[in-house]
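Letters A, B, ... mirror the listed sequences (proteins, then strands); counts begin at 1.
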Amino acid sequence: MTTVNPNLPSKTNRLGLPMTEYKGLDSTLCAGCGHDGITSQIVKAFYEYGVEPHRVAKFSGIGCSSKTPAYFIGNSHGFNAVHGRMPAVATGAMLANRTLVGVGVSGDGDTASIGIGQFIHLLRRNIPLIYIIENNGVYGLTKGQFSATADVGSKLKNGIVNELPPIDCCVLAIELGCSYVARSFAGDPKQLVPLIKGAIAHKGTALLDVISPCVTFNNHEGSTKSFKYAKEHEEMLHEIGFVPYFEQIQADYPEGAVKEVELHDGSHIRLRKLDRDYDPSSKPQALQLIRKANELGELITGLLFYDREKKDFIDDLNMMDEPLATLPTSQVRPSREALAEINKEFS
Amino acid sequence: MTTVNPNLPSKTNRLGLPMTEYKGLDSTLCAGCGHDGITSQIVKAFYEYGVEPHRVAKFSGIGCSSKTPAYFIGNSHGFNAVHGRMPAVATGAMLANRTLVGVGVSGDGDTASIGIGQFIHLLRRNIPLIYIIENNGVYGLTKGQFSATADVGSKLKNGIVNELPPIDCCVLAIELGCSYVARSFAGDPKQLVPLIKGAIAHKGTALLDVISPCVTFNNHEGSTKSFKYAKEHEEMLHEIGFVPYFEQIQADYPEGAVKEVELHDGSHIRLRKLDRDYDPSSKPQALQLIRKANELGELITGLLFYDREKKDFIDDLNMMDEPLATLPTSQVRPSREALAEINKEFS
Amino acid sequence: MSNGTQTALAGVTQEQGVPEEIVNDFSIQVATVNGSGSQSANSVLMRSIFLMGVPVSGKNIFPSNIAGLPTWYTIRANQHGYVARRREVDLCIAMNPETARDDVRNVRPGGVAIYEEALNLGTLREDITLYPVPFAKLATQSSPEPKLRKLLANMIYVGVVAELLGIGRDEVVAAIKTQFKSKAKAVELNVMAVDLGIDYVRARLMKRDPFRVVRMGLTAGKIIIDGNSAAALGAMFAGCTVVTWYPITPSSSLCETMIEYFSRYRIDPETGKATFAIVQAEDELAALGMVIGAGWAGARAMTATSGPGISLMGEFAGLAYFTEIPAVVWDIERIGPSTGLPTRTSQGDVLSAFYLSHGDTKHIVLFPSSVEECFEFAGTAFDLAERFQTIVFVLSDLDLGMNNWMAHPFQYPNKPLDRGKVLTRDDLERLGQFERYRDVDGDGIPYRTLPGTQHPLAAYFTRGSGHNEKAGYSERPEDYKNLMDRLLRKMDTARSYVPQPIVDINPNAKIGLIAFGTTDWAVVETRDQLKEEGIESSYLRIRALPFTPGLLEFVERHDRVYVIEQNRDGQMGDLIKLKVGRQCDRIQKVLHYTGHPIDARTITEAVTTAEDQMKEGK
Amino acid sequence: MSNGTQTALAGVTQEQGVPEEIVNDFSIQVATVNGSGSQSANSVLMRSIFLMGVPVSGKNIFPSNIAGLPTWYTIRANQHGYVARRREVDLCIAMNPETARDDVRNVRPGGVAIYEEALNLGTLREDITLYPVPFAKLATQSSPEPKLRKLLANMIYVGVVAELLGIGRDEVVAAIKTQFKSKAKAVELNVMAVDLGIDYVRARLMKRDPFRVVRMGLTAGKIIIDGNSAAALGAMFAGCTVVTWYPITPSSSLCETMIEYFSRYRIDPETGKATFAIVQAEDELAALGMVIGAGWAGARAMTATSGPGISLMGEFAGLAYFTEIPAVVWDIERIGPSTGLPTRTSQGDVLSAFYLSHGDTKHIVLFPSSVEECFEFAGTAFDLAERFQTIVFVLSDLDLGMNNWMAHPFQYPNKPLDRGKVLTRDDLERLGQFERYRDVDGDGIPYRTLPGTQHPLAAYFTRGSGHNEKAGYSERPEDYKNLMDRLLRKMDTARSYVPQPIVDINPNAKIGLIAFGTTDWAVVETRDQLKEEGIESSYLRIRALPFTPGLLEFVERHDRVYVIEQNRDGQMGDLIKLKVGRQCDRIQKVLHYTGHPIDARTITEAVTTAEDQMKEGK
Ligand SMILES: Cc1ncc(C[n+]2csc(CCOP(=O)(O)OP(=O)(O)O)c2C)c(N)n1
Ligand SMILES: Cc1ncc(C[n+]2csc(CCOP(=O)(O)OP(=O)(O)O)c2C)c(N)n1
Ligand code: SF4
Ligand code: SF4
Ligand SMILES: [Mg+2]
Ligand SMILES: [Mg+2]
């Protein structure tokens, strides 16, 4: 572990690394694509939190969204898997090396259409992974067909109207016991950065469903996943702040206005009350809220649900602290005596 | 259509068919298997409702449960597909011939483990199909591994304890907009028969999640899917009756004690109040109820949710009334003029 | 570069003043950025040449992304009708600043480069003709709207090229009308842009290159269409009723075209209702599962995909084979393995389609090589699937599926649909018996009934597990062996039903060429090139698996047989070797795997080199 | 029935009074109902013979259901060590009323049937010895509990058979102790049941048959184990750290055994924590996906499945091949296509495993034929997967995986784990450069780094799409071709690393035999049978794909080469034909596909028939 250097110039983070260390290759997405916005917020969050790049492992499926891991934290290993099956690959990698900080990026097609099965089982296992859905309601990379998160009545550019109800990945996540569930909007960096930081600090799966308009295929009138629609219909649950474990919390706010949520590594998420009181620790309340918002066509954003106590899959498996990947032979090959004992058993 | 003959001996149904016409081959399942109970109730329901056997199409995946379509309505076509992918096959068949009455039987492994993706998309499309999950919390046919519906803490015969939360297929179904969602118990024929009849009368997907103990691998102490556990923890929501469309409804009950639910073909489901008032038309209420029951370890049974207005996939596709499968060439091959027009377009 | 081509162009250099004319034989490469709307300009340019009566083809080399990356469009015009890719670029239109230098460098000596004046490429090449054009400036005159201006900039180069090559303005205008259909406003704007280009050439440029288009009569009555559209239309006229799909390049446009045309021509005029169901599935497993369910219930059902989808369909393909259910799968091949190069062409799925699934599974596979065959085989595939009650793969590729090809207008199908051995209620009544998996006719093909058939004998149970002739569950060794042997027999029967190879025997030829699919276009040209070099050849074009007996005869007739295909492993070559047994040492593989369509010169060089070595006794 | 066997048994009929003794050479078939607990009785009987020092094997023919259907267990004892299946049944123990008549009919003339007295089969056969035994009645004496009684009834037949054949009671008791481990109560009860059987024979039956077991010393020091357990143990000692699986017959027991033994031997004694992760995946796609993720991150990861699972793994297999990630997949083959016969054995996945996935994908495949090789290849597979950074398939089958086999005790691995070309932080520091996909050593194998490596050079991006040597995204034709050619080169390097074939050249032999996997056991016996008929043979046992060069030499050396395998299409035979080119006409296929393991007599008959036809010039 690199230790924190307190005497750094202001342009570096606590590890002494400049923001550029958290950038990747230039994006090849369409100019204005929501996904590029999310990439920037990921860069910012990891920079500000101060995660060592080599400890990060990036995963994705296939799609415009799934290309983005090449565009952030270039000095970390990345894996662009096959369409819809990123969860399995990420699961395997996180089991092989539990010390990695896993970030998965996926699209709504990648997650909710072809990938919904693996997504559900990832959530059920509570694999330690930040899972970001860059949700634009269409298949960008194959030129604009509806995905399973397209809203009823939303229109394709060619006039085709979607008749099938959308899958709400946050609802699924909450129902399946995911312990960190947030919804956000690519056009709202102020909210997205602390949510990603919280996800870094979280243990278990952290799901971020981020509305991320496709400017080429789904940003027109009639789309409910356009920048315009999202901006007009965004309803922030709370104002979000993040205080990392290495910073002092300062209680400079009036009683009741702010809710502090302590995360697993000792960091805090600070939810500042807006119009309503919202406690992200109640499943039924969270579900009710989302349902109502969906009915009203509101884009409700913020930390929807959080459960600090949930065990993750590493706990379930009672795994060693060291990465399995690099255990020495002495730890992974039982002794001669063991084999003799086994041979005896079968003789 | 065979017409109803009013002068039949008492041992036949309204079509003049005896119960044996609704039976299939002898079961090869373990003696006492819950699945055989469900088979009997399917036989009974189709017999009593009077569905012409040749109009039925049976579908399943792979598993002990998935073998059962061979054991009922022998004079109908059946299709034992591959593991976890029955929904796709059933979807295709129902599109090819919309006049069929589709019955899908699946296991909890078949549906909730390998098959959860197809299951979700089937529900999302609202394919006209009776979908029965014979839910025993284990893989019977492969000898007793946990499925994704096994409860936390439930034990295998070899002592292994399940740590992962169960997937509640009824919750998923309701969240995904399924318009007929019921839970029942293989040991409760009185309830299961009217629920299946209701499913026959329903338009769109009708989901029945039926607890169906595996006597060989999951009927021991420590199993939450055993006959004993289910019997002790069953909480009936209501007493259920079914009045088919061709019978007169008689209002011989006191005000408020009974709720009549009208189904798509004019049949009625009659819910007789037990301990509580329950209105299966409210999603949030249904979900709350299930969640609470799950927390308490109760097996809540009955018609959990019903929505008469929901469009099914056939509506979405604006399909002809006649089966696509057998349309004459004149209807499926456009004219010479059409081709000439098209050729012109490209010249 | 090829000798042949060099000879033809000898003397074409600028030093010699006005060079000898090269008429109706050149290739144009337009280098642009994708998402910039160049696609319609390219199509218009291609069609203009087509309307001049000159055979032409257009190929798009595009990146696997949506906008902002380099894209190339190649147009080949050829008076002999050769439409395969050519390696050499005669005329380059360098519209993309990022690649312009490379693009211009890539032009063959004696060629032409047209480029944005501001790029200042005037000193890059001395051996080609350079035409700088101030596209950006001209575009500002075209429209006040910047977005529109960008689109129209492309149309300006069409005007420039047309004027330089001598393509008639009338033809360009007609092409624009076709491209923009009835949208008068769009037509008007685009014609205006073209005129800007024409005017610029007239006013400012002096023709200094040898390339010219001269009117011919070789395209009259023909159409221009891509293979995916042809397949979609073919399926529509073949009575396809259920289509399932999951989007994947380069197959998506096949199903999207189906949506378009089925909505136009397959709505019942009386009821206003659809005579079809088109479903976007959640993935390829589901897509094939639905096709199988629909096929089981009697529909003509199909899906279209590409390599990754094929890999996902393994389990269901085996189910269709073993339970004997009709299904049609179009595989528009792209470069694999894995995600590979999604926008590059390949013939790499021959083995995976043929052997798809575990156990002893084998399938019928068709190989269309033209848009006409895409149209035709769409019907053939259904006929075979229903006749043989099995899954049929149709292997097209990106080059055929997504590029524009000249073709004869589609012929109205003259045969009735072959719905295969389906017993109706009346048949059952007459026969008095029915066993689903019995080989009644000795051809390996059993009879089936459809769900919903109202007869007590009709019902049977379909399962992917072991079954006997009565469709009963069986683990008996004899039942299994009977079934497997019958399935082999059935496949043998299929040999005479599948499209037979197209064979051209040259009695003087010592060598034979074998190819399939789009490789055909290059082979046709290769044969003429070989002839020029004194090598006579015969040619057999495979159109289906399993093989027909004529294959062995063809191989035996020739000393050496070159199997030409677009994959690394020579997959078809291996299947041929297996088929021809000890004659396998006559087989030589010519392989091309770069993602770009194969060209004649590559084949010719490979064959002549091999033949030369032969002569030298190596 | 075979001539050889008939000769050996000539004279053994009841008319001639006490027949000649047949010592340590017979097969027993126990016909029961599954779920009735007969499995332990069968194992005890087999082990008793084993403890008598006589080579033995046991094969279970069971239905694809859980309880109540007919099941057969075959024990073969043979003083020469032949342990392949025999077609003939010498002794039948007919415990299942439903099939008893057929079971008794199935006994070869001169054989023996032991059956429940109440079934009244006394008149069914005159040419075999019949021993009715009142099992049900005897069972009532064994226990008051009906459930226990049912279980014990099986053990009674063990006593009967032991006494009739002369198997020592001590050996039976020892076998019972092994079977029921330390459970004293169970041992006691079962011994009691055995004694009931022994006593009944002594009191009531007169030995009238020729079969006897006599003590030998051929099994001393050996173990009995199934191939799946052997593979599980082999993987454990090979340092496997991540196991993912989805239950499927006949592979489930492999992973279930892993769970058992890893929990015993792979918990760190200091921390009490697991040095492994075993995950039941949601399906086979996910299982392989997890293996790939884990392999990418540096773990030795594997999964086990059977045919349907292989068909589902196509897309991920291609990803592993193209991105060069180590992965190990065990395929315990069962009969396909599709669901097929889940409880029957096959070698039908050779082609699907070798070619798994679209595009030009090819894989390393290993073929263990014994439990020793299951143990050994478990390690070899990891070494190869990590050395070659690719997916390795190990093709076992139901016969090997789920049946009990005699074997030498497992050898402690003497080689260190080959973790392949992994660059550590220090390596990177030293080298100062790293390109993920560059062929530094000329063997086609690039270097890799693991995620988490703390060095600025370490990171690279893995993708299933086109990439260059630096792992950058690329659609360039040259990059693609370079990559594909290197992958071929890598596979060529693998030829000398994979387990080499086992070759036994008989200098006098005109014919050669080629087999792989479990077919080996029948071939070994066949060779002796052929020798008896005057036909000398050489033998090459394939142990891996891709092939090693010695194969061609072997084929060239013999006039005719019989490739023997357990599938319909002669899949390995085809690959061999391709490999040996014009020598392919020496290849003849001997195919067996019934779901039952192949037997020597079937092969011998096929070969002698072919050889006879040869002589007759047909
Ligand atoms: C097996 C498979 N099927 C289909 C595709 C084609 N494909 C590539 S990306 C994509 C959809 C991407 O949509 P989404 O995940 O929403 O990402 P977006 O491009 O919208 O960001 C599809 C269908 C593929 N790559 N692999
Ligand atoms: C692709 C594939 N993987 C695995 C199997 C093996 N398999 C058969 S049934 C089954 C599980 C069945 O469980 P469930 O659906 O709960 O049915 P049950 O037997 O409990 O009724 C499995 C894993 C298979 N047939 N196909
Ligand atoms: S197509 Fe849409 S999702 Fe893809 S890069 Fe462009 S804007 Fe983004
Ligand atoms: S194993 Fe279980 S689920 Fe299967 S038939 Fe037996 S009791 Fe039923
Ligand atoms: Mg999307
Ligand atoms: Mg189950």
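- The salt bridge (charged side-chain N to carboxylate O under 4.0 Å, His left out) analysis of residues 103-129 of chain B, with sequence neighbours excluded, yields the pairs B/R125-C/E282.
- Options C/G464, C/A301, C/P456, C/A281 differ in how many heavy-atom pairs under 4.5 Å they form with chain B, and the most are formed by C/A281.
- Rounding to the nearest 0.5 Å places CG of B/L25 at 13.0 Å from OH of C/Y473.
- There is no contact between B/T99 and chain C, counting heavy-atom distances below 4.5 Å.
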Check against side chain to side chain contact (heavy atoms under 4.5 Å, CB included), C/D268 and B/E322: CA-CA 11 Å; C/D268 189 85; B/E322 294 79 26; over 6 Å; no
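- By the 6.0 Å contact criterion, NZ on B/K143 is open, its count of non-hydrogen atoms from other residues, nucleotides or ligands being 12 or less.
- Salt bridge status for B/E345 with C/R264: present, with a side-chain N to carboxylate O gap under 4.0 Å.
- Contact of B/A338 with chain C is made through backbone and side chain together, with heavy-atom distances under 4.5 Å.
- With a 4.5 angstrom heavy-atom cutoff, B/S335 touches chain C only via backbone atoms.
- Of the possible donor and acceptor atoms, none in the side chain of B/N343 sits under 3.5 Å from a partner among the backbone N and O of C/H408.
- One finds the CZ atom of B/R333 at 16.0 Å from the OH atom of C/Y265 (value rounded to the nearest 0.5 Å).
- To the nearest 0.5 Å, atoms CD1 (C/I267) and CG (B/N318) are separated by 6.5 Å.
- When the candidates C/I292, C/L319, C/V242 are compared by the number of heavy-atom contacts under 4.5 Å with chain B, C/L319 comes out ahead.
- Of the residues considered (C/H455, C/R266, C/R419), C/R266 shows the highest number of contacts with chain B, using heavy-atom pairs under 4.5 Å.
- Once rounded to the nearest 0.5 Å, the distance linking CE of B/M319 with OG1 of C/T271 reads 11.5 Å.
- Of the atoms belonging to B/L100, it is side-chain heavy atoms, and not backbone ones, that fall under 4.5 Å from chain C.
- For B/F346 against C/L233, the heavy-atom pair with the smallest separation is CE1-CD1, 4.1 Å.
- Ranked by non-hydrogen atom pairs under 4.5 Å with chain B, the options C/T323, C/T244, C/V279 are led by C/V279.
- With a threshold of 4.5 angstrom between heavy atoms, B/P69 approaches chain C through its backbone and through its side chain.
- Summarising the geometry of C/A459 relative to B/N75, their closest heavy-atom pair is CB-C, 3.4 Å, with the distance given to 0.1 Å.
- Only the backbone of C/Q280 comes within contact range of chain B, with heavy atoms under 4.5 Å apart.
- Here CG of B/L95 is found 10.0 Å from OG1 of C/T241. Values are rounded to the nearest 0.5 Å.
- Among all heavy-atom pairs drawn from B/F59 and C/W296, the shortest one is CE2-CZ3, 3.5 Å.
- B/R55 places no side-chain N or O within 3.5 Å of a backbone atom of C/Q454 that could act as its donor or acceptor partner.
- If you tally non-hydrogen atom pairs under 4.5 Å between each of C/G239, C/G472, C/P451 and chain B, the highest count goes to C/P451.
- For the 3.5 Å distance criterion, the side chains of C/T449 and B/H77 qualify, holding a donor opposite an acceptor.
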Test log, rule side chain to side chain contact (heavy atoms under 4.5 Å, CB included), inputs C/F237 and B/L339: CA-CA 8 Å; C/F237 282 91; B/L339 184 59; 3.6 Å; yes
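- Here the shortest heavy-atom pairing between C/A299 and B/A325 reads N-CB, 3.7 Å.
- The choice from C/V291, C/L450, C/L457 that makes the most heavy-atom pairs within less than 4.5 Å of chain B is C/L450.
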